[in-house]
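These notes concern the structure reproduced below.
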Amino acid sequence: MILNRLRVENYRNISFADLSFDSGVNLLFGENAQGKTNALECIYSFARGKSFRSAKDEELVRFGEKGFSSEITFSDREREQTLSYCYYGGERKRLRNGVTLSKQTEMIGHFRAVLFYPEHLQLIKGGPSERRSFLNIAISQCYPAYLKLYGDYSRILENRNCLLKLSQKGLSIDKNELEIWSDALASVAASIWIYRKSYIERLTQFASPLLSDISGKKEALSLSYESDVSGENEKEIREAYRLLFRENLMKEISLGCSLYGIHRDDLNVLINGISARSFASQGQQRSIVLSLKLAEGELSRSLTGEYPVFLFDDVLSELDEYRRSYVLSDPGERQFIVTACEDSGFDLSLVHTTLVSAGSFRKKE
Ligand code: ATP
Ligand code: MG
């Protein structure tokens, strides 16, 4: 998948830009605070359905303006497609190839991208929610049905928690209703569990040889799904959750919330057999996250037939020469859009450079 073009108006500090991209490595190069990350944020919002900085639409509007519009054109082996998003006076308009999309979730799954930005280094040392979020985003790009399941899960969890909280406060609740929510939660949790388990197994097959290569065969990576339940298939997982809910109901009531479910799980990362969260050095963390991001792209290609676009914000400057060239010297069919404040570490004969200054973009010929 190749991003061909980005057009934006009044998005953050960009009053207007019409940018073209090439296959291979594209470098957005400029000093701090010029608009490099803003451009990536806009591109990635078409993959994720929202800003990765979790900004609200109002914050994306260029100061003093009433709205913004953005549009990408991208192509896969079959055709060229357009997605556009416009926010004006509180109204949102989403189009795919000129046809209106009514929901934000309908945007997801068409344009696929892998984002790597400095905060992702927290993926190893941060809490389990960082790793769950990595899994959720990666899986939903390949399987839009996962996103729907996850939305259902959150809604059911909220309802169940609400009943548990009422019961904790001593109010009488309908026990049948609680059981219905518990069963529904077990069912959806089991479907999500299976997606995650299989995604992690397949991701390992790509990530572990990548880390071995990046580290000069020094580091071995293994990934596993850490969960309260285990089983061979969806039915067994569903039954395991049901049992957990039944056995721990009094405990859950006394705490007023759901203590078990896929919202508590984790992705366990081991490097050379020991916990990366506890023991990985800074350099090892960088290498692991880089392998995970590249592996996410490889897996996405094996599941969908196309590489996603790789968006690397500022992270290459933190990698040493060897790892940087590992990524950039042989992009093959992959397209990278990377940002940097310094171009010294790049082989400029291999990259397509765009200079970024005060929200304006100029392609270097
Ligand atoms: P760095 O190299 O430091 O990461 P950058 O080029 O990636 O810099 P951006 O994060 O893209 O910089 O931000 C550029 C500027 O955009 C910032 O100075 C920020 O204040 C400005 N900005 C953010 N939101 C808005 C907005 N809604 N309207 C106008 N300007 C904005
Ligand atoms: Mg930036």
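For ligands, and for the atoms within them, numbers begin at 1 and follow the listed sequence.
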Fill in: Whether Arg94 side chain and Ser102 backbone form a donor-acceptor pair below 3.5 Å
yes

Discussion item. Between Tyr307 and Glu298, is there a side-chain donor-acceptor contact under 3.5 Å, judged purely by atom types and distance?
Written reply: yes

Worksheet item: Applying a strict 4.0 Å limit to heavy atoms, is Gly30 in contact with ligand 1?
Response: no

Worksheet item: Considering only the protein, which heavy-atom contact is closest to atom 2 (O) of ligand 1, and what is its distance?
Response: Lys36 NZ, 2.8 Å

Practice prompt. Provide the number and element of each atom of ligand 1 under 4.0 Å from a heavy atom of Thr37.
Written response: 4 (O), 5 (P), 7 (O), 10 (O), 11 (O)

Worksheet item: Will you find, in the side chains of Thr37 and Asp313, an N or O donor that is under 3.5 Å from an N or O acceptor?
Response: yes

Worksheet entry | Heavy-atom nearest option to atom 10 (O) of ligand 1, drawn from Glu31, Arg12, Arg53 | Arg53

Worksheet item: Is ligand 1 under 4.0 Å from a heavy atom in the side chain of Glu59, in the backbone, in both, or in neither?
Response: backbone

Worksheet item: How about Tyr146 and Asn136: does a side-chain donor come under 3.5 Å of a side-chain acceptor?
Response: yes

Worksheet item: Please state which protein non-hydrogen atom is closest to atom 28 (N) of ligand 1 and give its distance, to 0.1 Å?
Response: Phe63 N, 3.0 Å

Worksheet item: Among Asn32, Asn13, Ile14, whose heavy atom sits nearest atom 3 (O) of ligand 1?
Response: Asn32

Worksheet item: Between atom CG of Leu294 and atom CZ of Phe336, what is the distance when rounded to the nearest 0.5 Å?
Response: 6.0 Å

Discussion item. If you count heavy atoms of other groups shown closer than 6.0 angstrom to NZ of Lys125, is the number above 12?
Written reply: yes

Response to the item:
If we number the atoms of ligand 1 from 1 as shown, the ones under 4.0 Å from a heavy atom of Asn38 are 9 (P), 10 (O), 11 (O), 13 (O), 14 (C), 15 (C), 16 (O)

Worksheet entry | Any N or O of Cys341 closer than 3.5 Å to N or O of ligand 1 | no

Worksheet item: So, Tyr225 and Glu201: side-chain donor and acceptor under 3.5 Å apart, yes or no?
Response: no

Worksheet entry | Subset of ligand 1 atoms that lie under 4.0 Å from at least one heavy atom of Val61 | 26 (C), 27 (N), 28 (N)

Discussion item. Within 45 degrees of the ring normal and closer than 6.0 Å to the centroid, is that where the cationic atom of Arg160 sits relative to Phe245?
Written reply: yes

Worksheet item: Under 4.0 angstrom from atom 19 (C) of ligand 1, is there any protein heavy atom?
Response: no

Practice prompt. Check whether any side-chain heavy atom of Trp181 lies under 4.5 Å from a side-chain heavy atom of Glu158, and answer yes or no.
Written response: no

Fill in: the Mg ion (ligand 2) contact by Thr339, N, O or S atom under 2.8 Å
no

Response to the item:
heavy-atom search around atom 12 (O) of ligand 1 in the protein gives Ala33 CA, 3.3 Å

